[in-house]
Amino acid sequence: MTVLVHHRVPFRGRRTATAPATCAQRHMWNLIERQLPDAAFYNVCHWVELPGRGTAPDLLAVFTELLGRHESLRTGFQRAGDGGLVQQVVRSGECEAEVWTAGPGEDPTGVLDAWRHRMRHTAFEPARAPLIRFMAVVVGGAPVLAAFCVSHLAADLMSLRLLADEVLRLLDAAAAGRPFPPAALSRQPVEQAGFEHSPRGRALLHRAHAYWRRQIAGAPATLFPVPGEAGGEPTRRYSAAMDSRAVALAVPVLARHWRVSTSAVLLTVVALLLGRRAGLPSCTLRLLTANRSDPRLRGTVANLHAEVAATIDLSGERVEDIARRALAASTAACANGLYDPDEVADLFDAVARERGVPVDLSYCFNDIRAGHGLPEAAGGPAPVVSGAALRTAMADTVVAPHEFAEGETFFLVIDDEEPGWMRLVLNADSRALTPPEVRGFLYDVERVLVEQAERAPADGREAAPSWPRRSVSGG
C-alpha cells in the first residue's frame, strides 16, 4: 500500500527584492485573469525519472537547493497602488512536498498521474510565494521519480526542463556525498525587469511594437468564423492527439529537401491547411517562443515565453518556397518575442476600431520538442525513407481524445517524447472545428507530409499537392 508523508521544505535565498513584473509575467497574469474563476488553468506539471540512488532526505535537500537558487520559484505577485503588477521575491519560507512510498508491485506512475490531476485543479495564490509544489515517489528506500507543479507565472516549459536536469545533477551529488555543483550564471527576473526598462530593452520593445502593428494590420479578421454562444451555453472544446511514426519519418526528409528546420516543415503544412480551408492567401498564427537567445537567459528558470504573431505567405505552387517563407516568418517572430502585452492589446483595440470588427488571432502553433533546428545542425547523412516505409508507418497511426485544454480557437502542440514517434495534439473550439474535423485535420497533416516526402527524393521538384479546400476531411 502506498504511504504518503507531507513535508514542509524550508528554503533560504540570497535576498528579498521588489520590482515591476516583466513583460512575460504580465502577459501570463493577463491570461490567468482571463480564465478566472479557474485560477489553476495555467498550472504546469513536469516530472523526471530518477536513477534510484540516494534517499528521500537527499531529494528534499535538492528541492531546498532549487528554491534557494532560483528567485522565480519564491516570487509572489500583486498589484501596486498605481495598478501596475509587481513581483516580490521572498528570501526564506517553506514549500509543500509530498513523498509517496510505493509498496511491492505498485506502479509509481499511477501515483504520479493522480498527483498531477490534483495539482491541475489546485490553484496557487499569486501573492503567496513560492508558486511551486514538489512530490517524489520512493521504491525500496530510494526515490525513483520527482515531479513539480508550478504556476506559469513562475516558470515556462524550458525552465521545467532545466529544473529536471538540475534535479538529476544535484541528487547525484547528494547521493555521493559531494557538495552541490554551482548554479549556472543566469539573469534573474528582477534583473530582466531592469533590462526591459533600460535603453536597450526599450529599443527592443519599440521594435516589437512596430512588428506587431504590421502583423495585426495585415491579418484577416478571422480564420474560423465562430457563431455566438446560443442561450448562454459555455464554449465546448475538444482535444485529440495523433501519435504517428509516419510524421516522425517524413519531417526530417522534408527539412533536408526544403532546407528549412523541422519545425518550419510542420508550420508550413499546418498553415497551408488552415489557409486553404479559409480560402486565404496567407495565414497568421501565434507561435510560442522561449525568448532565450541572450546567453544570459539560457539557464534562467522563470517565465520568459511569449506568443508572437507570424504571417506565412501561401502564394505559389512550390511548397518548398512556402516553407522557406515560413522559416523566415518564424525567425522574425522569435526575434520580436520581447514585447509589452498591454501595448499589443491596445493595438488590437485600435485596429478593431478602424475596421469595425475585432481581429482574431486565436490560432496557436507550439512546437515543444527539445530539438527542431535546421537539418544541417544535426549532421550525418540525409535521411532516406521509401514511400512504402511511410505508408506502412501510417498504418500504426493512432488518433484518440486527449485531456489537453487551452483557451484559443485553435491550439496545436507538437512533441516527440517517445523515440521514433511524433505526437500532435489539437485543441479547438467545437464551434470552429467539430470533433470529427479536429481528428480529420490531424490526419490531413500526416497525409500531406507523407505525400510530400514521397515526392521529395523522386526528382528534386515539388509536385502540386492535393490540398483540402474549405473543409477538413474526417478520419
Side-chain angles (χ1 to χ4, degrees), residues 11 13-29 31 42-46 48 62-77 85-91 95 124 126 129-132 134 148-170 180-198 200-202 204-205 208 287-308 334-341 366 368-371 373:
F11 62 84
R14 182 172 59 88
R15 65 175 178 177
T16 59
T18 301
T22 66
C23 290
Q25 289 168 339
R26 287 191 288 121
H27 175 61
M28 184 52 59
W29 177 278
L31 291 177
Y42 285 102
N43 285 5
V44 186
C45 294
H46 197 72
V48 58
V62 168
F63 295 158
T64 294
E65 179 69 13
L66 293 176
L67 285 158
R69 290 183 173 195
H70 303 294
E71 291 185 355
S72 64
L73 303 182
R74 44 191 175 84
T75 297
F77 299 85
L85 187 64
V86 172
Q87 54 173 318
Q88 295 180 312
V89 182
V90 299
R91 186 178 184 185
C95 182
F124 290 95
L131 301 183
I132 185 169
F134 296 98
F148 25 87
C149 175
V150 298
S151 166
H152 219 325
L153 282 165
D156 52 22
L157 177 59
M158 181 67 74
S159 299
L160 298 181
R161 288 171 172 165
L162 291 170
L163 285 174
D165 289 342
E166 203 166 7
V167 165
L168 292 172
R169 292 196 303 272
L170 295 176
F180 287 138
L185 293 177
S186 58
R187 185 187 294 163
Q188 299 290 337
V190 168
E191 281 68 44
Q192 175 65 15
F195 169 77
E196 291 172 5
H197 287 80
S198 71
R200 172 62 177 160
R202 289 196 298 270
L204 291 174
L205 292 172
L287 312 184
L288 276 72
T289 176
N291 268 341
R292 283 176 165 81
S293 59
D294 187 328
R296 290 164 292 185
L297 292 173
R298 288 175 190 164
T300 296
V301 171
N303 175 40
L304 297 173
H305 100 292
E307 301 168 358
V308 193
C334 291
N336 289 280
L338 178 61
Y339 61 87
D340 186 309
N366 188 15
I368 65 173
R369 294 174 299 146

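Predicted model only: the values in this text are computed from it and were never measured. Side chains included, hydrogens not; waters and symmetry mates left out as well; all remaining heavy atoms used.
Residues Leu157 and Val44 are not in side-chain contact: their nearest non-hydrogen atoms beyond the backbone lie 4.5 Å or more apart. No side-chain heavy atom of Pro189 sits less than 4.5 Å from a side-chain heavy atom of Thr75. Two residues are said to be in side-chain contact when any heavy atoms from C-beta on lie closer than 4.5 Å; Arg26 and Asp340 meet this criterion. With a 4.5 Å cut-off on side-chain heavy atoms, Cys334 and Leu287 do not count as touching. Contact annotation: the side chain of Phe195 approaches that of Leu338 to within less than 4.5 Å [non-hydrogen atoms, C-beta and beyond]. With a 4.5 Å cut-off on side-chain heavy atoms, Thr300 and Gln192 do not count as touching. Looking only at side-chain heavy atoms (C-beta outward), His305 and Asn291 stay at 4.5 Å or farther from each other.
Screening residues 153-166 for salt bridge (Lys or Arg N to Asp or Glu O under 4.0 Å), with sequence neighbours left out, gives Arg69-Glu166, Asp156-Arg292.
Between the CG atom in Leu288 and the CD1 atom in Ile368 there is a gap of 10.0 Å [rounded to 0.5 Å]. How far CG of Leu168 is from CG of Leu163: 11.0 Å, rounded to the nearest 0.5 Å. Of the inter-residue distances, the one linking Glu307 atom CD with Tyr339 atom OH reads 6.0 Å to the nearest 0.5 angstrom. With values rounded to the nearest 0.5 angstrom, Leu67 atom CG is found 8.0 Å from Arg74 atom CZ. Between Met28 atom CE and Leu31 atom CG the span is 5.0 Å, to the nearest 0.5 Å.
Qualifying salt bridge (charged side-chain N to carboxylate O under 4.0 Å, His left out) partners for Arg15, counting only residues two or more places apart in sequence or in other chains: Glu71, Glu191. Taking the side-chain contact (heavy atoms from CB on, under 4.5 Å) definition, one finds that Asn43 meets it with Ala40, Phe124, Arg133, Cys149, sequence neighbours left out. For Phe148, there are no ring-ring contact (aromatic ring centres under 6.0 Å, His included) partners at least two apart in sequence or on another chain. Looking at residues two or more places apart in sequence or on another chain, you find a salt bridge (charged side-chain N to carboxylate O under 4.0 Å, His left out) between Asp294 and Arg187, Arg296. Residues forming a ring-ring contact (aromatic ring centres under 6.0 Å, His included) with Phe63 (at least two apart in sequence, or on another chain): Phe134.
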Begin from the C-alpha positions of Leu162 and His70 and carry the test side-chain contact (heavy atoms from CB on, under 4.5 Å) through to its verdict.
CA-CA 11 Å; Leu162 291 170; His70 303 294; over 6 Å; no
Pair Val150, Leu131 - check side-chain contact (heavy atoms from CB on, under 4.5 Å), show working.
CA-CA 6 Å; Val150 298; Leu131 301 183; 6.0 Å; no
Quick one, Leu66 with Ile132, criterion side-chain contact (heavy atoms from CB on, under 4.5 Å). Give me CA distance, side-chain angles, the key distance, then yes/no.
CA-CA 11 Å; Leu66 293 176; Ile132 185 169; over 6 Å; no
Dump the intermediate steps for side-chain contact (heavy atoms from CB on, under 4.5 Å) on Phe180 and Val62, then the final yes or no.
CA-CA 9 Å; Phe180 287 138; Val62 168; 4.2 Å; yes
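Not a single donor-acceptor pair under 3.5 Å links the side chain of Asn303 to the backbone N or O of Leu153. Counting only distance, with no hydrogens or angles, the side chain of Gln87 and the backbone of Pro20 share a donor-acceptor pair below 3.5 Å. Counting only distance, with no hydrogens or angles, the side chain of Arg298 and the backbone of Ser293 share a donor-acceptor pair below 3.5 Å. Side chain of Ser72 to backbone of Val301: a donor-acceptor contact under 3.5 angstrom is found. Under the 3.5 Å distance criterion, the side-chain polar atoms of Thr289 are left unmatched by any main-chain donor or acceptor of Ala306.
Taking every heavy atom of both residues into account, Ala19 and Val86 meet most closely at O-CG1, 3.4 Å.
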